[in-house]
Amino acid sequence: MSLLAYPITPLIAVDRGSGTPLHQQVYEAYRGAILRGDLQPGQKIPSSRELASEIQVSRFPVLHAYAQLLAEGYFESHVGSGTFISTALPEQMTLSKPAGGELDAEFSKNRPVSRRTALYPRFSRDLHLRGWGAFGLHQPAFDQFPFQIWSSLVARHSRNPNASAIHNINPLGSERFRDEICAYLRTARAVKCDPAQIMVVSGSQQALDITTRVLLNPGDSVLVEEPGYTRVVLASAGCRLKPVPVDHEGMDISYAARRYRGAKAAFVTPSHQFPLGSTMSATRRLNLLNWAQSNGAWIIEDDYDSEYRFDARPIASLQGLDVNARVIYIGTFSKMLFPSLRIGYIVIPPDLVKHFAAVRFAMDIFPPYLYQEVLADFMAQGHFGRHIRKMRQLYGSRRTTLIDCLRAEFGDRIELHGAAAGMHVTITLPDGLDDREMAARAAQQRLWLWPLSPHYMLEKGRSGFVLGFGSTSAEQIPAAVKRMRSVFPD
């Protein structure tokens, strides 16, 4: 914590009717806050004049309390800087029981939570999610991002915000930003849309959550890719998930039509299936659209990283083929820019916009505006397009290097999938190998192998790894692949 942090007045309740002198009340309030850990070493405290004004007492009892705290070593003074919580306090004096610790048994009774919480898996940071570097998934090349341009746009909008950006409660988001998204999607993804159909969200997870709230009821059946992802949001809404096998042509909707009846929606990643990386064929796309129209069902299309295609031009969106407004299209800027930006979007059929807006308003009213304004300028001034072109070349080089190294090191022991696009390559392993156990061992060598088997719903899923290459340079990849070889059995 910075010693020059601006002081925040602590909560001090002064009781003028108490027999305890005012200076003693101030002293005890500070001492108790320090011992509980509420005030941390190095934290700046208000001046005696500021505190006296805040708690509405004369300055003398505050001066008396400060003098006692300084004498006892709870405070320390820096000439010209102010007064701070002492950094020389013994550690055990400022340790308090964590707020998230176990409650005593007498307090842990009758603390019910909703049945819905049981539908969420327990949150844990698996080893392969913790690290940064070789094979880390969803990790862009941050060192190649034009942060100087970005920071200048952030500074400009922070210094001179317009009124609409400060006070705008449109649940769809910034109109300027939606105009830019619309122009980009029409051009690069062949999406049929108007700005009025676009809703800005904080990533694809929120997009799916809102979509689920609008379109699906508890107990509804939803077709999902097998293997696949993003099942937690659907399952937590009480939907019944129906796994549909994926092959080199994508989801096989004919399998679903034979096996499942009455599904209300299908969740697909047709341009670059996650995790296997296949592209849905034209025939499968048309069959899926026909299935949705015939059954009065919805298609939720997640187009998460279709910008990066290396062996051919980017594939047009499924939504662009839809003539019956059955597709809800979801996209994100996380893979193209950086994940912590947390900005995505939904393209909504026109007749559903009012329903999506109502749900969004009830959830969080509207999305934060600062980064929308920044990103609108970033796109309008051409920086976004230039960055995508640059990254396509860079990731193409890294992908080629990774594929060549994997083939040279492992030969036919592994099978490669989805190498034509995206920021990851998937490999499948021979039968009998445990990808989770291997990933745990690899993490000890700072190799972040993402296991494939957890993406299967059915018991017998294939073992393998989803290998990201976005954050690893072409020069570092050969050595990383050789290290990965050490976690494979001889």
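In this model, no donor atom of one side chain and acceptor atom of the other lie less than 3.5 Å apart for Lys192 and Gln319. In this model, a donor atom of one side chain and an acceptor atom of the other lie less than 3.5 Å apart for Thr279 and Arg309. Checked by atom type, the side-chain pair Ser453/Asp435 shows a donor-acceptor distance below 3.5 Å. Under the 3.5 Å distance criterion, with hydrogens and angles disregarded, no donor-acceptor pair is assigned to the side chains of His417 and Ser278. Looking at Ser174 and Gln372, their side chains never bring a donor and an acceptor atom within 3.5 Å of each other. Residues Ser281 and Thr283 bring no donor and acceptor atom of their side chains to less than 3.5 Å of each other.
Ring-plane geometry between His387 and Phe145 is classed as perpendicular, the angle between the planes exceeding 60 degrees on a 0 to 90 degree scale with a lower cut at 30. Aromatic ring pairs are classed by plane angle as parallel below 30°, tilted from 30° to 60° and perpendicular above 60°; the pair Trp150 and Tyr371 is parallel.
Listed by chain and residue number, Ala376, Met379, Ala380 satisfy the side-chain contact (heavy atoms from CB on, under 4.5 Å) test with Glu180 (two or more places apart in sequence, or in another chain). Listed by chain and residue number, nothing satisfies the salt bridge (Lys or Arg N to Asp or Glu O under 4.0 Å) test with Glu175 (two or more places apart in sequence, or in another chain).
The pair Arg156-Asp377 meets the salt-bridge criterion, since a charged nitrogen lies less than 4.0 angstrom from a carboxylate oxygen. The pair Asp252-Arg259 does not count as a salt bridge, with every side-chain nitrogen at least 4.0 angstrom from each carboxylate oxygen. With respect to the salt-bridge test (charged N to carboxylate O, under 4.0 angstrom), the residues Arg189 and Asp303 qualify. Taking the charged nitrogens against the carboxylate oxygens, Glu301 and Arg285 have no contact shorter than 4.0 Å, which rules out a salt bridge. Ion pairing of Asp412 with Arg407 is absent here, as no side-chain N (NZ or NE/NH1/NH2) approaches a carboxylate O to less than 4.0 Å. Checked for salt-bridge contact, Arg392 and Glu307 miss the test: no charged N lies under 4.0 Å from a carboxylate O. Between Asp434 and Arg441 there is no salt bridge, since no side-chain nitrogen of the basic residue lies less than 4.0 Å from a carboxylate oxygen of the acidic one. We find that Arg398 and Glu475 are not joined by a salt bridge, their nearest charged nitrogen and carboxylate oxygen being 4.0 Å or further apart.
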From CA spacing to verdict: salt bridge (charged side-chain N to carboxylate O under 4.0 Å, His left out), Asp431, Arg462: CA-CA 8 Å; Asp431 291 340; Arg462 298 191 67 178; 6.0 Å; no
Check against salt bridge (charged side-chain N to carboxylate O under 4.0 Å, His left out), Arg284 and Asp247: CA-CA 11 Å; Arg284 292 267 179 94; Asp247 58 22; 2.9 Å; yes
Stepwise side chain to side chain donor-acceptor pair (under 3.5 Å) test for Asp364 and Gln206: CA-CA 11 Å; Asp364 61 355; Gln206 188 184 42; 3.2 Å; yes
Stepwise side chain to side chain contact (heavy atoms under 4.5 Å, CB included) check, Met484 with Phe135: CA-CA 10 Å; Met484 185 174 77; Phe135 310 123; 4.1 Å; yes
Evaluation steps, side chain to side chain contact (heavy atoms under 4.5 Å, CB included), between Leu318 and Ile299: CA-CA 9 Å; Leu318 176 65; Ile299 299 171; 3.7 Å; yes
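When the shell of 6.0 Å around NZ of Lys242 is examined, it contains more than 12 heavy atoms from other residues, nucleotides or ligands.
Ring centroid separation for the pair Phe384 and Tyr184 comes in under the 6.0 Å cut-off. Taking the six-membered ring wherever Trp is involved, the centroid distance between the rings of Tyr456 and Tyr229 does not fall below 6.0 Å. A distance below 6.0 Å separates the ring centres of Phe333 and Tyr345.
Between Tyr329 and Leu185, some side-chain heavy-atom pair lies under the 4.5 Å cut-off.
Partner of His424 under the ring pair (Phe, Tyr, Trp, His ring centres under 6.0 Å) criterion, chosen from Trp450, Phe469, Phe274: Phe274. Between Val347 and the choices Asp194, Ile330, Ile328, Ile198, the side chain to side chain contact (heavy atoms under 4.5 Å, CB included) rule is met once, by Ile198.
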